[in-house]
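Here's the structure, in structure tokens; my notes come after.
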Amino acid sequence: MTAPSGLPASLSAMYQELILQHYRAPHGRGVPAAPGVRVGARKNPLCGDAISVGVLLDGDRIAEVGFDGQGCSIATASASMLTEAVRGRSVAEVKAMATAVEAMLRGEAVEGLEGDLRALAGVARYPQRVGCARMAWLALGDALEG
Amino acid sequence: MTAPSGLPASLSAMYQELILQHYRAPHGRGVPAAPGVRVGARKNPLCGDAISVGVLLDGDRIAEVGFDGQGCSIATASASMLTEAVRGRSVAEVKAMATAVEAMLRGEAVEGLEGDLRALAGVARYPQRVGCARMAWLALGDALEG
Amino acid sequence: MTATPVLDALGADSSLASLAPRADFPLLAAQPALHYLDSAATSQKPQVVLDALTNFYTTANANPHRGAYALAAAATDAYAGARETVARFLGAKDADTLVFTRGTTEAMNLVANAWGAAHVREGDEIVITALEHHANFVPWQQLAKRTGAHLRIVELTADQRIDLDHLAALLTPRTRVVAITHVSNAVGSITPVAEVVRLVRETSPAIIVLDGAQGAPHLPVAFDTLGVDFYAFSGHKLLGPMGIGGVLGTRARWLECQPWQFGGDMIEWVNDHDSTWNVLPHRFEAGTPNAADAVGLAAAVRYLEALDMRAVREHELALLRSAHEKLAGLDGLTIYGPPPEQRSGVLSFTLADVHPHDLATILDQHGVCIRAGHHCAQPLMRRLGTSATARASFYVYSDASDVDALVHALVEAQRIFASVAD
Amino acid sequence: MTATPVLDALGADSSLASLAPRADFPLLAAQPALHYLDSAATSQKPQVVLDALTNFYTTANANPHRGAYALAAAATDAYAGARETVARFLGAKDADTLVFTRGTTEAMNLVANAWGAAHVREGDEIVITALEHHANFVPWQQLAKRTGAHLRIVELTADQRIDLDHLAALLTPRTRVVAITHVSNAVGSITPVAEVVRLVRETSPAIIVLDGAQGAPHLPVAFDTLGVDFYAFSGHKLLGPMGIGGVLGTRARWLECQPWQFGGDMIEWVNDHDSTWNVLPHRFEAGTPNAADAVGLAAAVRYLEALDMRAVREHELALLRSAHEKLAGLDGLTIYGPPPEQRSGVLSFTLADVHPHDLATILDQHGVCIRAGHHCAQPLMRRLGTSATARASFYVYSDASDVDALVHALVEAQRIFASVAD
Ligand SMILES: Cc1ncc(COP(=O)(O)O)c(C=O)c1O
Ligand SMILES: Cc1ncc(COP(=O)(O)O)c(C=O)c1O
């Protein structure tokens with residue numbers, strides 16, 4: 001996980017190579033089309049971006065997940081990481097994960113988050129961008145509620 | 001025409017004895033009730049005062065004139081003086097007089113105004129009170145137009 | 001100006017110092033001989049408020065909510081922080097239920113349109129009182145006219161308090177709105193809010209709208225426990241800048257409201273032929289917000305919090321008692337309103353033979369600023385049978401010397417008008 | 001930050017000085033490394049404006065129109081004087097036809113309600129354009145929805161100018177309102193007002209409402225010769241304080257309007273069940289006016305008058321040309337809007353592979369403040385097929401160094417995003 005050089009440390013903490021890779025080549029593109037898929041969507045009225053997340057549950061587990069929409073690098077990478085992180089998990093696990101992500105985005109030190117998701121920690125330094133990272137998680141929440 | 005003592009010169013110029021006498025015992029109280037009387041009315045929304053002036057024309061002359069309403073000393077004295085000044089005059093003379101009074105209230109030096117009316121000159125120093133002195137003259141104007 | 005023997009005879013209480021140092025208020029500090037007794041119209045501003053304005057414009061000036069750069073974030077934070085501060089001052093936990101407006105007038109028009117127009121139907125009833133400022137009278141009168149609802153006006157007791165029996169008699173299951181002033185600007189009467197709330201809740205589903213233009217500056221206000229639905233106020237009357245004020249509402253009532261003004265910030269999504277709306281409080285704040293003046297207002301309420309609103313009330317009551325006693329001793333003077341304990345720091349009066357407008361001019365020559373007129377309360381004036389009263393009103397910077405100057409100047413005015421034989 | 005070789009290669013014109021000294025603007029003076037390129041959102045304030053605010057509050061603070069004492073007269077005069085000054089600046093002889101509002105948004109809601117609601121009927125037509133800011137879009141959309149009128153949207157040319165042929169095709173004798181932006185905030189297009197006026201007057205009785213939020217700050221405006229019915233603007237975009245703006249109207253059109261907000265100052269006489277209204281402009285200014293910010297606005301327009309609005313336009317055009325040329329040289333960069341001559345100092349663009357929101361954050365790290373988003377013009381964004389653009393906008397204090405910093409930071413942003421292999 002290296003950062004582009006010649007940038008302020010906080011900026012390179014946000015624009016890590018990992019995030020840019022997810023942005024360039026997002027995972028989980030496309031809301032699954034199967035019957036029973038639940039979709040949640042969030043818009044950011046300020047920048048005009050929108051992300052929707054679709055999940056297919058198998059009992060208590062997330063069998064399928066994917067996202068659609070337009071977003072900046074942070075919004076897109078967050079959605080992409082989300083799909084990787086939640087696939088195969090139980091709803092309870094995912095809710096705990098969402099809570100941990102939210103805390104991380106508020107700048108708190110969190111335990112238990114694994115893998116690529118941790119790369120979003122740098123966003124906390126940019127309050128105006130936290131909303132971007134949060135969008136997919138809120139959309140997922142809507143999908144699980146609805 | 002003496003002024004109450006112990007006051008700023010400009011204030012005693014406004015509150016001349018003559019003005020206070022007209023306020024205490026106004027002339028021309030009561031809009032004439034005869035058929036053919038024309039009435040004009042003006043309100044001052046800021047202080048809640050209102051003055052109406054009624055005139056009865058005999059050809060081109062003002063045969064009868066009177067006023068009604070509530071007003072401060074300046075408004076009342078101005079109305080009282082008005083009735084004295086216009087009674088028996090031609091409409092053209094009265095219009096010229098109204099123009100002269102308006103100029104005097106704006107602080108201009110005017111010729112040709114006679115009698116008590118000149119006592120209103122002191123009001124020019126108090127822009128917030130000019131509207132009080134003007135009310136009866138505007139009401140008279142409305143009556144002559146209407 | 002030296003105290004006259006008349007004054008001493010009246011027993012001037014020169015011990016009543018101002019609650020806030022006059023030196024904190026640049027306008028008053030620059031004019032030591034000025035006796036500003038028109039705070040019910042607008043208040044003077046402490047230096048901290050002017051500093052807050054300057055500070056916003058020199059360190060955080062950007063369009064809030066709309067920028068992704070640090071300066072815009074500073075503006076957004078300053079504006080959101082102001083909302084938190086002002087909501088806390090008025091005892092509202094949920095800051096998002098505070099909608100900023102230009103002042104009380106815009107706030108009342110907002111409630112009358114956003115809630116009123118959506119819920120008031122022909123044959124419904126709207127209850128206001130004869131004590132209301134035009135800002136809490138005309139919007140409801142015109143809403144009634146537009147919708148075909150009936151406007152009911154609660155009459156007053158002999159000392160210009162709201163007649164609670166009449167209020168009770170007017171309330172019905174068709175009453176949709178009860179809009180009442182918290183404190184009368186014209187005569188100072190304080191509304192017994194708990195009584196009103198009890199009466200209304202007993203008999204009708206009406207919303208209760210309080211006009212807090214004179215409440216918020218002069219009394220401690222705890223919105224969350226008042227039990228009313230909306231509470232409107234103006235910043236300029238509580239040491240804040242002009243151009244800012246607001247209205248608190250319960251979340252439930254806000255959610256029953258339709259947007260009233262349309263434009264930037266208040267939308268979620270604009271399609272060609274319809275739109276969806278942003279969340280509270282933005283839904284009711286169309287366009288670039290007045291962030292600078294909101295920040296100035298926040299500085300004002302922090303200043304008042306430091307003084308303590310209970311102390312503000314005590315201070316005004318002490319001045320009012322002293323002024324009341326002294327004025328009552330003048331010949332031909334009539335004071336309106338209930339006893340000082342049931343009044344805020346407003347002293348409304350007439351003097352036999354001297355029109356209020358003349359009084360104001362003469363008092364001005366003595367450096368005493370009072371208001372003369374109908375105080376935007378023509379319905380009340382009609383009921384008092386006068387076109388105008390003179391009104392002196394106190395605030396945190398007022399002291400005994402202001403009261404003394406008032407009494408002194410009134411005696412002078414009487415002397416001028418008495419100097420002419422009938 | 002040092003200029004990179006890339007920049008030199010692009011031919012930076014370092015000779016373009018700012019029109020107004022940066023030292024006049026305390027925020028900019030305090031942050032020499034800040035490149036504020038978001039003036040279309042809100043402008044920075046010169047010291048004279050802050051001084052005017054402070055001066056009002058420390059020498060003339062009272063409630064205008066309502067007091068009979070000298071301080072209130074000073075406030076009234078200051079407010080009336082501000083109206084004269086601002087009306088003159090916008091080329092209106094009759095100052096009483098200028099109604100102060102909080103800004104353009106409130107102004108448009110005022111016109112839509114005060115004139116629109118009284119004159120637009122079911123089956124009538126309202127014409128707006130796809131270029132409009134939400135403030136000049138949603139009020140008309142909702143008026144159409146409420147009244148059953150048809151909303152017609154003028155589409156754009158390929159370079160985001162109003163398609164005059166389409167406008168002509170939409171106009172009919174049933175057209176009651178044509179509401180168009182003078183200058184687009186999103187892409188900068190300048191409306192050929194004379195053409196529009198000619199087309200409208202030829203075929204319909206419609207009123208013409210111009211959204212001058214981006215016109216008044218950047219172009220000379222002569223309301224009396226424009227031939228339109230209403231012209232709205234915001235003070236905060238033309239060096240003035242937040243919380244103040246206004247709308248000019250012809251006297252004839254104002255007299256066709258119904259009052260919209262009700263309260264103090266706008267009434268003549270309040271009876272229990274109906275009221276009569278004060279004269280222009282007060283009829284449309286309910287409540288305590290924002291006199292302080294009006295005085296601040298007057299100071300701002302005097303500052304602009306001293307610069308000369310023709311010079312302001314020339315200055316922005318020079319910056320725009322230079323920036324346009326430099327940006328056009330960057331790989332993957334798309335600029336929206338017509339050629340610089342037909343644009344105000346707004347540069348709206350996208351960069352392939354870098355989302356505008358990311359651009360704004362990266363540019364901010366270089367001290368370059370730009371706006372990223374839909375610019376309160378979602379209908380336009382839909383037509384552009386994008387959710388957001390990046391926008392840099394210039395004003396009197398902008399200079400060549402701002403342009404250079406922009407280009408430099410864009411190159412950096414490209415580098416960051418290119419650093420990751422696909
Ligand atoms: C073209 C245009 N119209 C209207 C507005 C709304 O102005 P305000 O937010 O000051 O009310 C703006 C700016 O936000 C604008 O640029
Ligand atoms: C009781 C009361 N209500 C409403 C208002 C209107 O407030 P504003 O003029 O600040 O909108 C005032 C003051 O003018 C007032 O005293």
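Convention: sequence-line order gives letters A, B, ...; per-chain numbering from 1.
- Heavy-atom distances place no part of Ser39(C) under 4.5 Å from chain D, backbone and side chain included.
- If you measure heavy-atom distances from Asn136(C) to chain D, you find no contacts under 4.5 Å at all.
- For Gln44(C), the parts sitting under 4.5 Å from any heavy atom of chain D are the backbone and the side chain alike.
- Residue His236(C) touches chain D through its side chain alone, counting heavy-atom pairs closer than 4.5 Å.
- No side-chain heavy atom of Lys145(C) sits less than 4.5 Å from a side-chain heavy atom of His273(D).
- Within the 4.5 Å cutoff, side-chain heavy atoms of Ile267(C) are placed close to those of Gln378(D).
- Looking only at heavy-atom pairs under 4.5 Å with chain D, the residue among Ile153(C), Thr104(C), Thr59(C), Asn271(C) that has the most is Asn271(C).
- When heavy atoms are compared at a cutoff of 4.5 Å, Pro356(C) does not approach chain D at all.
- Residue contact with chain D, scored on non-hydrogen atoms closer than 4.5 Å, is absent for Gln47(C).
- Contact of Ile370(D) with chain C is made through the backbone alone, with heavy-atom distances under 4.5 Å.
- For the residue pair Val270(C) and Arg382(D), the shortest heavy atom distance occurs at O-NH1, 2.6 Å.
- Here Leu71(D) is the residue among Leu28(D), Leu71(D), Thr54(D) with the most heavy-atom pairs under 4.5 Å with chain C.
- Looking at Ile128(C), there are no atoms closer than 4.5 Å to chain D (heavy atoms on both sides), in backbone or side chain.
- In this structure, the side chains of Thr288(C) and Ser234(D) stay at 4.5 Å or more apart for every pair of heavy atoms.
- A distance-only check finds no donor-acceptor pair linking the side chain of Asn109(D) to the backbone of Gln261(C) [under 3.5 Å].
- In plain terms, the two heavy atoms of Met242(C) and Ala62(D) that are nearest each other are CE-O, 3.4 Å.
- Most heavy-atom pairs under 4.5 Å with chain D, from the set Ala70(C), Cys369(C), Pro26(C): that is Cys369(C).
- Ranked by heavy-atom pairs under 4.5 Å with chain C, the first of Ala360(D), Ala30(D), Ala294(D), Ala286(D) is Ala286(D).
- Of the possible polar contacts, one joining the Asn63(C) side chain to the Ala41(D) backbone as a donor-acceptor pair under 3.5 Å is found.
- A side-chain donor-acceptor contact under 3.5 Å links Asn61(C) to the backbone of Ser43(D).
- No side-chain heavy atom of Thr105(D) sits under 4.5 Å from any side-chain heavy atom of Asp265(C).
- Residue Gly264(C) comes nearest to His134(D) through the heavy atom pair N-CB, 4.1 Å, listed as atom of the first residue, atom of the second, then distance.
- Side chains of Asn290(C) and Ile244(D) form no contact here, defined as non-hydrogen atoms less than 4.5 Å apart.
- With respect to chain D, the highest number of heavy-atom pairs below 4.5 Å among Ala29(C), Ala144(C), Gly245(C), Ala135(C) belongs to Ala135(C).
- Phe262(C) places none of its side-chain heavy atoms less than 4.5 Å from the side chain of Leu143(D).
- In terms of modelled atom types and a separation under 3.5 Å, the side chain of Arg102(D) and the main chain of Gly243(C) share no donor-acceptor contact.
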Asp274(C) vs Gln142(D), side chain to side chain donor-acceptor pair (under 3.5 Å): CA-CA, chis, key distance, verdict = CA-CA 7 Å; Asp274(C) 209 353; Gln142(D) 296 297 312; 3.1 Å; yes
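- Note: Ser275(C) leads Pro259(C), Gly103(C), Gly373(C), Ser275(C) in heavy-atom pairs under 4.5 Å with chain D.
- In this pair, Tyr36(D) and Tyr69(C) present their aromatic rings perpendicular. The plane angle is above 60°, beyond the 30 to 60° band.
- Between Asp272(C) and Arg383(D) there is a salt bridge, since a side-chain N of the basic residue sits under 4.0 Å from a carboxylate O of the acidic one.
- Chosen from Phe25(D), Phe137(D), Trp140(D), the residue pairing most often with chain C at heavy-atom distances under 4.5 Å is Phe137(D).
- Both the backbone and the side chain of Leu151(C) come within less than 4.5 Å of a heavy atom of chain D.
- Contacts between Ala130(D) and chain C at a heavy-atom distance below 4.5 Å are absent for every atom of the residue.
- To the nearest 0.5 Å, atoms OG1 (Thr42(D)) and OH (Tyr57(C)) are separated by 8.0 Å.
- Interface residue Ala291(C): backbone and side-chain heavy atoms are both found under 4.5 Å from chain D.
- Both the backbone and the side chain of Trp260(D) come within less than 4.5 Å of a heavy atom in chain C.
- Heavy-atom pairs under 4.5 Å with chain D were tallied for Pro139(C), Ala60(C), Ala292(C), Ala75(C); the largest tally goes to Pro139(C).
- For the atom pair Asp293(C) CG and Asp293(D) CG, the distance stands at 4.5 Å (nearest 0.5 Å).
- In this structure, chain D has a heavy atom under 4.5 Å from the side chain of Leu53(C), while its backbone stays farther away.
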